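Beneath this line is the structure, given in structure tokens, with notes to follow.
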Amino acid sequence: MHELMHSVTRVNLRALVRSLAPALIVALLLCGSTMVGKIPVPGTPVPITLQTFVLMTAALTLGWRRATAGTVLYLGLGAAGLPVFSGGGSTLSLIGPSGGFLFGFVPSVMLTAVLAGAANRAITSLRTKHDMNPALAGAARFIACFMACAFGFLVVGYGFGTAFQATVTGMPLGATAASTLVFVPGDLLKITVASLLALPVLASAESTEAAR
């Protein structure tokens, strides 16, 4: 009986570690991305960082639950006072000019993951039913990932960030929105790279599912 309980405990512990590990990794990568440095942008108090690249990649490869959990954990660490935000910021960053972009991480990640996941399942179904060419399926996945990221981060994320920043700084909404346009080229590059990195992960997941 004692050995049985010990075995069950070990299995439960392993399952717990497997379920928590992705979120912890996302949070740690987000913390690490702020340490790499930031690029100041003239005309806006919000710098360029690698955080959104980490979030895009997580959203496309981990699914919405794990990616969102990691994002919430990261924001929670900063809210608790740990210097995990850009420039060593913590709690006050959440109510500063960049606070809207930080809060916007959550819906951005969630929507990107949900949209990309739904599109990938549809592509997998088409491949199964109609024997879609692998190259065509890969191109379709890339477009789906790119569009999901573009909506989640360029539309939703920018929307949260711009509205919050305009409220905090007192700048007109139009002027604030215009100042964020400087981030678009860099974010488009991040979206492209994240979408490319996601392709082998998604293809591997499809192969694993087909083998079951």
Side-chain angles (χ1 to χ4, degrees), residues 26-61 64 67-68 70-72 74-75 77-79 82-116 142-199:
V26 171
L28 289 174
L29 287 175
L30 285 169
C31 293
S33 67
T34 63
M35 298 177 187
V36 172
K38 62 180 181 178
I39 302 174
V41 179
T44 174
V46 182
I48 295 175
T49 69
L50 290 176
Q51 289 172 303
T52 48
F53 175 71
V54 171
L55 291 169
M56 292 169 187
T57 306
L60 294 176
T61 58
W64 75 267
T68 303
T71 306
V72 171
Y74 169 69
L75 294 177
L77 292 174
L82 296 179
V84 297
F85 298 143
S86 179
S90 56
T91 311
L92 292 179
S93 295
L94 293 171
I95 56 175
S98 61
F101 290 96
L102 290 170
F103 284 119
F105 284 169
V106 175
S108 293
V109 166
M110 187 178 294
L111 287 172
T112 297
V114 168
L115 292 174
F142 172 79
I143 294 172
C145 289
F146 189 97
M147 296 303 293
C149 274
F151 179 76
F153 288 89
L154 298 186
V155 178
V156 177
Y158 277 40
F160 267 80
T162 299
F164 195 93
Q165 185 178 331
T167 301
V168 171
T169 62
M171 290 176 59
L173 183 60
T176 305
S179 71
T180 64
L181 294 179
V182 69
F183 295 102
V184 173
D187 280 340
L188 287 174
L189 177 60
K190 294 176 189 176
I191 290 172
T192 300
V193 176
S195 299
L196 289 172
L197 290 176
L199 293 182

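The shown structure was predicted, so the numbers you read here are calculated from the model rather than taken from an experiment. Hydrogens, waters and symmetry mates play no part in the numbers below; they use all other heavy atoms, side chains included.
- Considering only residues two or more places apart in sequence or on other chains, Val72 meets the side-chain contact (heavy atoms from CB on, under 4.5 Å) condition with Thr68, Val106.
- Leu154 has its side chain within reach of Asp187: a pair of non-hydrogen atoms, C-beta onward, lies under 4.5 Å apart.
- Side-chain contact check for Val184 versus Tyr158: some heavy-atom pair is nearer than 4.5 Å.
- Thr34 and Ser86 make their closest contact through CG2-N, 3.9 Å (heavy atoms, listed as atom of the first residue, atom of the second, distance).
- Here the side chain of Thr112 pairs no donor or acceptor atom with the backbone of Val109 at under 3.5 angstrom.
- Of all non-hydrogen atoms in Val156 and Pro107, the two that sit nearest each other are CG1-CB, 4.0 Å.
- Contacts of Ser90 classified as side-chain contact (heavy atoms from CB on, under 4.5 Å), with partners at least two apart in sequence or in another chain: none.
- Under a 3.5 Å cut-off, the side chain of Thr176 and the backbone N or O of Thr162 do not form any donor-acceptor pair.
- Note on ring orientation: taking the six-membered ring where Trp is involved, the planes of Phe85 and Tyr74 are perpendicular (angle over 60°, cut-offs 30° and 60°).
- Between Ala148 and Ala116, the shortest heavy-atom distance links the atoms CB-N, 3.8 Å.
- Within the structure, the salt bridge (Lys or Arg N to Asp or Glu O under 4.0 Å) test picks out no pair touching residues 92-106 (sequence neighbours left out).
- For the pair Leu188/Phe146, a side-chain contact is recorded, criterion being any heavy-atom separation below 4.5 Å from C-beta on.
- With sequence neighbours excluded, the residues forming a side-chain contact (heavy atoms from CB on, under 4.5 Å) with Ala175 are Met171, Pro172, listed by chain and number.
- With respect to Ser108, the side chain to side chain contact (heavy atoms under 4.5 Å, CB included) criterion is satisfied by exactly one of Phe153, Phe101, Phe151: Phe153.
- Applying the side chain to side chain contact (heavy atoms under 4.5 Å, CB included) test between Ser195 and each of Leu199, Leu197, Ile191 identifies Ile191 as the sole match.
- Contacts of Phe105 classified as ring pair (Phe, Tyr, Trp, His ring centres under 6.0 Å), with partners at least two apart in sequence or in another chain: none.
- Interatomic distance, OG of Ser33 versus CG of Leu28, reported as 11.0 Å (0.5 Å rounding).
- Nearest heavy-atom pair, Thr169 versus Gln165, reported as atom, atom and distance to 0.1 Å: OG1-O, 2.7 Å.
- Residues Thr167 and Ala163 share a closest heavy-atom pair of OG1-O, 2.9 Å.
- Among all heavy-atom pairs drawn from Gly89 and Ser93, the shortest one is CA-OG, 3.4 Å.
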Ignoring hydrogens and angles, write down the donor-acceptor pairs under 3.5 Å from the side chains of residues 52-61, residues two or more places apart or on other chains.
from, atom 1, to, atom 2, distance (Å)
Thr52, OG1, Lys190, NZ, 2.9
Thr57, OG1, Phe53, O, 2.9
Thr61, OG1, Thr57, O, 2.7

